[in-house]
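Reading through the structure tokens given below for one structure.
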Amino acid sequence: MALPLPPGLTPAEVGFLCEMELVTVIPRQRLEGLELLGGPTQPMIPPFATPLPLWLALLLKKQRRANISPPGWLNVEALTHILDFETDERTADVFSPSPRLPQPTSTAPLEEDPYLAHDALELSPPFLKDAATAQAQDDALPYHWLELSHLLLTHAADDFDDPDAVHRLLRDLREVRMSKLRKGFRVLDAGAGVKMNGMGGMEVAEVRGFVGGVVDGLRINRSREEARKEEEAEQRENGLGSSNYRDDEDDDML
Amino acid sequence: MAYYNPESILTDAQKAPCTFELAVPGLAPLNNGSAIEHGTKLDLPLWMAEMLAVSKPAGPSSTSLVSLDMPPALGPRVLNALSADPKSVELRAQAQWFYGLGERMLDLFEEEKTVELLIDTFKQRALEIADKSQNTRSTQQGGDSGDFMGGLDEMERQLFRAAHDGSNAVKKWFESSSRS
């Protein structure tokens, strides 16, 4: 109650975290590797592409010391493809999927606790590598797609082939996905959920307050709901029992 | 209910009509000093009404001190209007904490139908709130949706604010990040 911030990340915080994403930079000047809190950066030697954190890349871009090469999904062709998926009738009720997960690293040394071993950590959407570099998968929107594309388009528009078309496509995508989310509000319930697979961080941060409020508000008479759920569970158990019985019968007949 | 939560305190301070079943001389201050007889009707705050309705005095009679009635905000007129069209009812005019009142009263009364109706009302109105919160200009500068905020109960107002704050914060981040 005393905490002035709402639970979860605010949009500003999500935007800040987005600047940690690595992007591919094509340097124009030499720069030795920097020792940063997030780890050392690679030295920049023109004209070889180097991965750098987005904030540093934007800074160098502003000083005209580097160009940013946009990730694979951020061009007209890939975005058109994703937009087609979003507007297709057959996939009207799902968001376009997030990038593929990397292969699970199951060859962890088992001497220590395998869950704590560094190379055994399984990565999932917010922490996927290469989501914004030039090696990024080109048919899926990564977690920070909205923030990243906005930052790149406003500060490095001249590195795009056709920034206006990309901008238009992104706006369409955002609206399509927002209206899908809105449709999802209709099925909100005290126990139900909206399937949000493939949603970006900014989109989640935008609707978190509302969705949380609705679900909290729907807990009118929570004890009664629970009682009813128990009843239902009991009925289900009974139903299960009878079907088992029927299976037995079948077995007998065979 | 959280102890230091002013909202739940205010919810509990809403009044419900009570009928006294016994003469209670000690509670005369509640009735502006005049004596409380059998059959006296008073509007008491929820927290007190609940205590009096649940507690049973020692003695031969088995009735409780007061019998509790549904407040007019949850009366048949309002409920019928809600089942006809949830969006047209001004909940705030019925009770400032309408859903809170409903929750407290339905803890005491077993009325499955009313619970369902309230939940359904909340869902439908929440959708309306989500839509209206996207263009606040029309809700704040009058027109017929100027009454929209006036018709929301306090919980719905918080929902409206949450929805509005969310999209506003995104807009703000977009603007601030394009400047620097």
Side-chain angles (χ1 to χ4, degrees), chain A residues 1-2 5-6 8-16 18-19 55 58-59 62 146-148 150-155 157 174 178 181-190 192 200-225 227-228, chain B residues 2-8 98-112 114-131 133-134 153-180:
Chain A
M1 281 263 106
L5 282 173
L9 294 176
T10 63
E13 287 164 339
V14 174
F16 180 76
C18 168
E19 297 186 14
W55 62 269
L58 289 178
L59 191 74
K62 242 170 267 173
L146 188 56
E147 310 88 292
L148 188 94
H150 174 73
L151 284 174
L152 286 185
L153 274 174
T154 43
H155 297 297
R174 179 167 155 71
M178 227 29 209
L181 200 56
R182 231 152 249 277
K183 258 182 226 155
F185 290 167
R186 246 170 255 168
V187 297
L188 279 179
D189 207 335
M202 196 57 105
E203 294 163 295
V204 174
E206 182 168 5
V207 297
R208 180 180 277 123
F210 177 75
V211 172
V214 173
V215 174
D216 278 350
L218 280 173
R219 297 191 179 142
I220 302 175
N221 253 337
R222 200 184 315 164
S223 54
R224 188 153 309 183
E225 285 285 321
R228 198 172 44 182
Chain B
Y3 189 77
Y4 282 118
N5 188 353
E7 286 159 23
S8 50
F98 181 81
Y99 294 108
L101 182 70
E103 185 182 355
R104 299 278 284 146
M105 291 309 290
L106 291 166
D107 264 346
L108 303 172
F109 290 87
E110 292 277 325
E111 284 184 40
E112 199 68 42
T114 319
V115 178
E116 294 290 323
L117 180 62
L118 283 190
I119 290 179
D120 199 48
T121 305
F122 182 72
K123 276 189 206 166
Q124 293 206 29
R125 290 173 67 99
L127 285 179
E128 181 91 349
I129 290 169
D131 289 344
S133 70
Q134 292 309 307
D153 106 313
E154 204 62 33
M155 196 162 101
E156 289 174 327
R157 283 194 176 193
Q158 284 168 6
L159 208 57
F160 185 91
R161 224 164 286 145
H164 181 231
D165 283 353
S167 50
N168 222 21
V170 170
K171 230 175 273 167
K172 236 180 231 164
W173 180 82
F174 268 81
E175 277 162 22
S176 70
S177 63
S178 346
R179 248 181 281 128
S180 59

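Model, not experiment: these values are computed from the prediction. Labels below follow one simple rule: chain letters A, B, ... track the order of the sequence lines, proteins then strands, and each chain is numbered from 1.
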Inset, instruction - With a 4.5 Å cut-off on heavy-atom pairs, point out which of A/A12, A/G212, A/G209, A/A205 contacts chain B the most. - result: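 Result: the option with the highest number of such pairs is A/A12.
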
Which heavy atom of [X] sits nearest to which heavy atom of [Y], and what is that distance?
{"X": "B/A130", "Y": "A/F185", "answer": "CB-CD1, 4.1 Å"}
{"X": "A/E206", "Y": "B/S167", "answer": "OE2-CB, 3.3 Å"}
{"X": "A/G213", "Y": "B/F122", "answer": "O-CZ, 4.3 Å"}
{"X": "B/L159", "Y": "A/V214", "answer": "CD1-N, 3.5 Å"}

Inset, instruction - State whether the number of non-hydrogen atoms from other residues, nucleotides or ligands found under 6.0 Å of B/F174 atom CZ is greater than 12. - result: yes

Legend entry - Contacting moiety of A/E203, where chain B heavy atoms sit under 4.5 Å: neither

Inset, instruction - Pick whichever of B/N168, B/V170, B/I129 has the most heavy-atom pairs under 4.5 Å with chain A. - result: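 With the most close heavy-atom pairs to chain A, the winner is B/V170.
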
Legend entry - Test item: B/S177 and A/L151 side chains (from C-beta on) under 4.5 Å apart, heavy atoms: yes

Inset, instruction - Kindly compute the distance separating NE2 (A/H150) from CH2 (B/W173), expressed to the nearest 0.5 Å. - result: 5.5 Å

